[in-house]
Amino acid sequence: MSDEKPPQLARDLTLYLLARFVLVAAIAWVLSLVGVPLLVALVVGLVVGLPLGLLLFRPLNARVTAGLAKRNEKRARARADLRAQLRGDVSGQPE
C-alpha cells in the first residue's frame, strides 16, 4: 500500500462534476437542435443526464467515493484521538 499514489480527491471531484455538467449540456444541446425549447431541453438533460452519468462515469465516481471515504476515516480517527485526549486517556485508545 505504500507504493500507492495519494488520492487526488480535489482533481477527481472536479473532473467528475465537469463530466456530469458536460453530459447534461450535451443532452440539452442535442435536444435544442431537434427543436425542443432550451428550458425544457435543460430540464430533460438534468433528468436524463444525472442517472446516465452514474453509469457512464462509474470509475470516476468510484475514485471520488473512495477519496471521500478515506478523508472521512482520517477525520473520524482525528476526532476520536481528540476525544481521548480530552478524557485524559494517554494512549488514545478507549478502554
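Keep in mind that what you see is a predicted model, and the values were worked out from it rather than measured. We're numbering straight along the sequence, starting at 1.
Cluster membership check: L31 shares its hydrophobic cluster with L56, using side-chain heavy-atom separations under 4.5 Å among Ile, Leu, Val, Met, Phe, Trp and Tyr. Hydrophobic clustering (side-chain heavy atoms under 4.5 Å, transitive across Ile, Leu, Val, Met, Phe, Trp, Tyr) groups L17 together with V64. A single hydrophobic cluster is not seen to contain both V43 and F21; linkage of ILVMFWY side chains at heavy-atom distances under 4.5 Å, directly or through other members, places them apart.
One distance of note links CD of Q8 with CG of L13; it measures 12.5 Å at 0.5 Å rounding. Within the model, atoms NZ of K74 and CG of N72 stand 11.0 Å from one another, a figure rounded to the nearest 0.5 Å. Here CD of E73 is found 12.5 Å from CG of L68. Values are rounded to the nearest 0.5 Å. Atom-to-atom distance recorded for I27:CD1 and L52:CG is 5.5 Å, nearest 0.5 angstrom.
Taking both residues in full, the closest heavy atoms of S32 and A41 are given as N-CB, 4.2 Å, listed atom of the first, atom of the second, then distance. Between V40 and V36, the closest heavy-atom pair is CG1-CG1, 3.7 Å. Heavy atoms only, all atoms of each residue included: P51 and L46 are closest at CD-O, 4.2 Å. Looking at every heavy atom in both residues, L54 comes nearest to Y16 through CD2-OH, 3.5 Å.
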In sequence, state the C-alpha distance, the side-chain angles, and the governing distance for F57 and L23, and then conclude on side-chain contact (heavy atoms from CB on, under 4.5 Å).
CA-CA 10 Å; F57 308 124; L23 180 64; 4.1 Å; yes
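None of R71, K70, R63 except one satisfies the salt bridge (Lys or Arg N to Asp or Glu O under 4.0 Å) rule with D12; the exception is R63.
Taking R79 as the reference, A76, R83 meet the side chain to side chain contact (heavy atoms under 4.5 Å, CB included) condition, with sequence neighbours excluded.
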